[in-house]
Amino acid sequence: MPNSSHRVEVQVAKSPAEFFAENQAIAGFDNMGKSLYTTLRELIENSLDACESVNVLPDIVVQVEEMTQKQFNVVRGLTKAGSSPQKKDLALFNKSKGRKSNASEENEEDKF
């Protein structure tokens, strides 16, 4: 007896940012130590690839400094002197965490 119910699959297009925000473990960003390692590895590999593509010997210097969340947000351009924090990716961040964006949330620079 043939099955009369038809299953319809719908594919939803996602930006790479949305995909990796939802699947952080795949990209190697599921914990702080792994995130640092993955980021440094990618930067160094990309630098080596760029040098190889133009036939230049690499001269790569890596310097890692510990900083506060407030200092980090300033470097990322999320805060401006004398103003409240402005998290540019808040909508995507909240979407990946299943929350709605709320302008009156507590200071983003103090989180994490």
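Remember, it's a predicted structure, so these values are computed and weren't measured experimentally.
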Peer 1: Got a sec, which residues hit side-chain hydrogen bond (donor to acceptor under 3.5 Å, both in side chains) with Thr68, two or more places apart in sequence or on another chain?
Peer 2: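 Residues passing side-chain hydrogen bond (donor to acceptor under 3.5 Å, both in side chains) with Thr68: Gln71.
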Peer 1: Surrounding CG of Asp49 (heavy atoms of other residues, nucleotides or ligands, distance under 6.0 Å), is the total greater than 12?
Peer 2: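 Yes, because the 6.0 Å sphere around CG of Asp49 holds more than 12 heavy atoms from other groups.
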Peer 1: Got a donor-acceptor contact below 3.5 angstrom from the Glu18 side chain to the Ser15 backbone?
Peer 2: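 Pair found, side chain donor or acceptor close to backbone of Ser15.
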Peer 1: Have a look at Arg41 and tell me which of Thr38, Thr39, Ile44, Leu43 forms a side-chain contact (heavy atoms from CB on, under 4.5 Å) with it.
Peer 2: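 Exactly one option meets the side-chain contact (heavy atoms from CB on, under 4.5 Å) with Arg41, and it is Thr38.
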Peer 1: Could you check whether any side-chain N or O of Asn23 sits under 3.5 Å from a backbone N or O of Ile26, counting only pairs where one atom can act as donor and the other as acceptor?
Peer 2: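 No, the answer is negative, given that no donor and acceptor are paired below the 3.5 Å cut-off.
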Peer 1: Might you confirm whether atom CE of Met32 has over 12 heavy atoms from other residues, nucleotides or ligands at distances under 6.0 Å?
Peer 2: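 No, because the 6.0 Å sphere around CE of Met32 holds 12 heavy atoms or fewer from other groups.
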Peer 1: Using the rule that Ile, Leu, Val, Met, Phe, Trp and Tyr join whenever any side-chain heavy atoms are under 4.5 Å apart, tell me whether Val64 and Ile60 fall into a single cluster.
Peer 2: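 Per the 4.5 Å side-chain linkage, Val64 and Ile60 are co-clustered.
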Peer 1: State whether a side-chain donor-acceptor pair under 3.5 Å links Gln63 with Glu65.
Peer 2: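 Yes, because at least one side-chain N or O of Gln63 sits under 3.5 Å from a partner of the opposite role on Glu65.
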Peer 1: Which heavy-atom pair separates Cys51 from Pro58 by the least distance, and what is that distance?
Peer 2: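 The pair with the smallest heavy-atom distance is SG-CA, 3.7 Å.
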Peer 1: Atom OH of residue position Tyr37 - does it have more than 12 heavy atoms of other residues, nucleotides or ligands inside 6.0 Å?
Peer 2: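 No.
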